[in-house]
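Here's the structure we're looking at; comments come further down.
Values below: all heavy atoms of this structure, side chains included; hydrogens, waters and symmetry mates excluded. In what follows, chains carry the letters A, B, and so on, assigned in the order in which the sequence lines appear, proteins first and then strands, with residues in each chain numbered from 1.
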Number of protein chains: 2
Amino acid sequence: MAAHTPRPTAAPEDAGRTPGLRERKKQQTRDALVQAAHELFLGQGFARTTVDEIASAVDVSQRTFFRYFANKDEAALAVMAEAEDYFIECLHHRPADETPLQALRASIIKAWRDLGNDKASGPGSITSALELMRLIEDTPTLLAAHLRRVTEQERIVVRVLAEREGLDPREDLRPTVLAAVFGSVLRAAHLSWTADREPEGPEGMIALIEQHFDQLGPALAGHWRTPAT
Amino acid sequence: MAAHTPRPTAAPEDAGRTPGLRERKKQQTRDALVQAAHELFLGQGFARTTVDEIASAVDVSQRTFFRYFANKDEAALAVMAEAEDYFIECLHHRPADETPLQALRASIIKAWRDLGNDKASGPGSITSALELMRLIEDTPTLLAAHLRRVTEQERIVVRVLAEREGLDPREDLRPTVLAAVFGSVLRAAHLSWTADREPEGPEGMIALIEQHFDQLGPALAGHWRTPAT
DNA sequence: GGAGATTATGTCAGCGACTGACATTCGGCA
DNA sequence: TGCCGAATGTCAGTCGCTGACATAATCTCC
């Protein structure tokens with residue numbers, strides 16, 4: 001979310017312009033809906049919160065809610081979605097001399113670090129991100145929707161990697177395989193974070209991510225008779 | 001009717017016995033529901049099939065449907081679930097001298113091969129499995145539910161691997177990481193299968209799985225400047 | 001072989017997510 | 001100012017899903 005305020009919409013110079021009252025109001029009610037949904041979900045659970053509640057908390061009709069979000073899930077996952085977009089953006093900017101795996105690792109760490117610095121508190125903060133991930137993890141329908149989103153992100157990662165290394169993902173399986181592996185290891189780290197003892201700030205999460213990635217080699221290697229590092 | 005055939009109901013050796021009329025009928029209507037759901041979903045799509053349709057195709061009430069399945073998704077994914085259970089069973093029986101990764105690869109291949117031989121046609125056959133996977137892949141809500149199921153299976157895999165190698169998954173990250181990697185590579189192979197050109201039988205799928213696993217090393221290794229094998 | 005306990009099923013009423021259609025209001029712009 | 005299009009509200013309806021209660025089928029045990 002760090003570099004996100006200027007949302008380029010159409011023309012190149014139009015980029016920084018004030019997007020007009022209508023557009024601003026739209027963004028405003030959307031934010032308000034996400035915010036309200038967030039609070040209600042965390043306060044009383046996902047299932048026990050009705051869309052009507054969210055809508056009337058922002059003073060719009062239920063129908064309007066569904067014009068902003070395809071379903072209740074989407075409102076809950078909106079925050080995560082922004083973070084994921086930022087990760088993709090980071091990946092685009094990695095130097096070409098990094099290996100694909102290095103680029104992925106560096107991007108995800110940069111993303112967490114920036115997001116952590118950017119918003120130390122308030123909605124979208126790291127602490128509320130943790131709460132949100134906990135909510136997702138033990139709300140089956142939310143978890144399902146989230147996993148689907150993640151796999152869609154993976155497709156984008158495949159494209160970016162293939163482009164970066166100049167090869168065709170339909171010919172060469174490496175981008176697909178690496179994106180899949182990356183995503184799953186990341187998710188394992190996420191799980192540890194939510195399940196674990198002391199949920200430290202972003203640095204704690206970063207440490208967890210690195211730990212998990214460092215086990216990639218050992219996990220794939222032969223037997224496990226010797227203890228891991 | 002058969003008032004007194006020897007029908008011990010609680011004894012341990014009862015395991016293989018005919019499970020009683022009630023139990024048999026239950027299994028029967030459950031199978032019929034899965035079957036009907038399967039046909040309707042493939043015929044007219046998941047969203048355009050109502051639960052009422054499925055129920056009345058088997059001549060039971062809608063309420064009964066929901067006593068067998070928690071939701072519409074579950075009926076669609078029931079076939080997959082059986083296959084996944086069989087995979088876990090295979091994993092349990094792998095010899096101890098295989099490395100964890102080898103055991104996983106061997107189990108999934110055995111599972112596909114056995115299921116392929118077992119049911120050459122009809123419901124639950126390989127061809128209808130392919131159709132089902134296509135349906136899942138382009139039905140967002142089904143895909144989401146399926147992914148959630150897969151991650152639950154992964155947890156079991158973690159347990160089995162940890163037990164097999166005699167270590168504690170909370171201390172040692174390798175089981176978790178390997179299970180995650182395995183699951184994601186498998187899913188990549190599944191995607192190729194559904195998206196791909198010639199959907200050959202189970203052997204085609206097995207070949208695809210092996211291709212993907214063989215790219216694990218190359219994908220994680222340094223740069224990709226040299227073409228993959 | 002029948003009385004009584006279990007258990008599957010049906011029926012009914014109701015909530016909540018989601019959608020299409022149409023009316024209304026509000027911002028953008030000549 | 002006045003028109004156009006976009007955002008919103010209203011309404012009615014479908015469908016997934018659930019709790020409560022009644023009924024009918026199986027099971028158990030005497």
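- Of the N and O atoms on the side chains of His212(B) and Ser192(B), at least one donor lies less than 3.5 Å from an acceptor on the other residue.
- With sequence neighbours excluded, the residues forming a side-chain contact (heavy atoms from CB on, under 4.5 Å) with Thr141(B) are Phe46(B), Asp73(B), Thr139(B), listed by chain and number.
- The separation between Lys26(B) atom NZ and dC27(D) atom C1' is 13 Å, rounded to whole Å.
- Summarising the geometry, the separation between CZ on Phe65(B) and P on dC15(D) is reported as 15 Å, rounded to the nearest angstrom.
- Look at Tyr68(B) and you won't find any side-chain N or O under 4.0 angstrom from OP1 or OP2 of dA8(C).
- Rounded to a whole Å, the CD atom of Gln27(A) is 19 Å from the P atom of dA6(D).
- With respect to Arg149(A), the side-chain hydrogen bond (donor to acceptor under 3.5 Å, both in side chains) criterion is satisfied by exactly one of Glu84(A), Glu154(A), Glu74(A): Glu84(A).
- Counting heavy atoms from C-beta on, the side chains of Lys110(A) and His93(A) never come closer than 4.5 Å.
- Between Lys72(A) and dC18(C) there is no side-chain N or O to OP1 or OP2 distance below 4.0 Å.
- The shortest distance between side-chain heavy atoms of Arg187(A) and Leu191(A) falls below 4.5 Å.
- Ion pairing between a basic and an acidic side chain is recognised when a charged N comes within 4.0 Å of a carboxylate O; Arg148(A) and Glu152(A) show such pairing.
- At a threshold of 4.5 Å between non-hydrogen side-chain atoms, the residues Leu142(A) and Phe41(A) do not count as touching.
- The CZ-P distance, from Arg24(A) to dA7(D), rounds to 15 Å in whole Å.
- At its two ends the helix from dG1(C)-dC30(D) to dA30(C)-dT1(D) runs along axes set 20° apart, each axis drawn from five pairs and the angle rounded to 10°.
- Judged as a side-chain contact (heavy atoms from CB on, under 4.5 Å), and not counting sequence neighbours, the contacts of Val158(B) are Pro169(B), Pro175(B), Thr176(B), Ala179(B).
- The interatomic distance linking Asn71(A) (CG) with dC15(D) (C1') rounds to 15 Å, in whole Å.
- Just one of Gln28(B), Gln27(B), Gln35(B) meets the side-chain hydrogen bond (donor to acceptor under 3.5 Å, both in side chains) condition when paired with Asp31(B); it is Gln27(B).
- For Phe182(B), the ring-ring contact (aromatic ring centres under 6.0 Å, His included) partners at least two apart in sequence or on another chain are Phe87(B), Phe213(B).
- The CG-P distance, from Asp73(B) to dC15(D), rounds to 17 Å in whole Å.
- At a non-hydrogen distance threshold of 4.0 Å, Asp59(A), Val60(A), Ser61(A) from residues 39-62 of chain A come into contact with DNA chain D.
- When the P atom of dC27(D) is taken as reference, atom CD of Glu23(B) falls 9 Å away, rounded to whole Å.
- Side chains of Thr194(A) and Glu137(A): no donor on one and acceptor on the other come within 3.5 Å.
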N/O to N/O distances under 3.5 Å, protein versus nucleotides 20-25 of chain D:
none

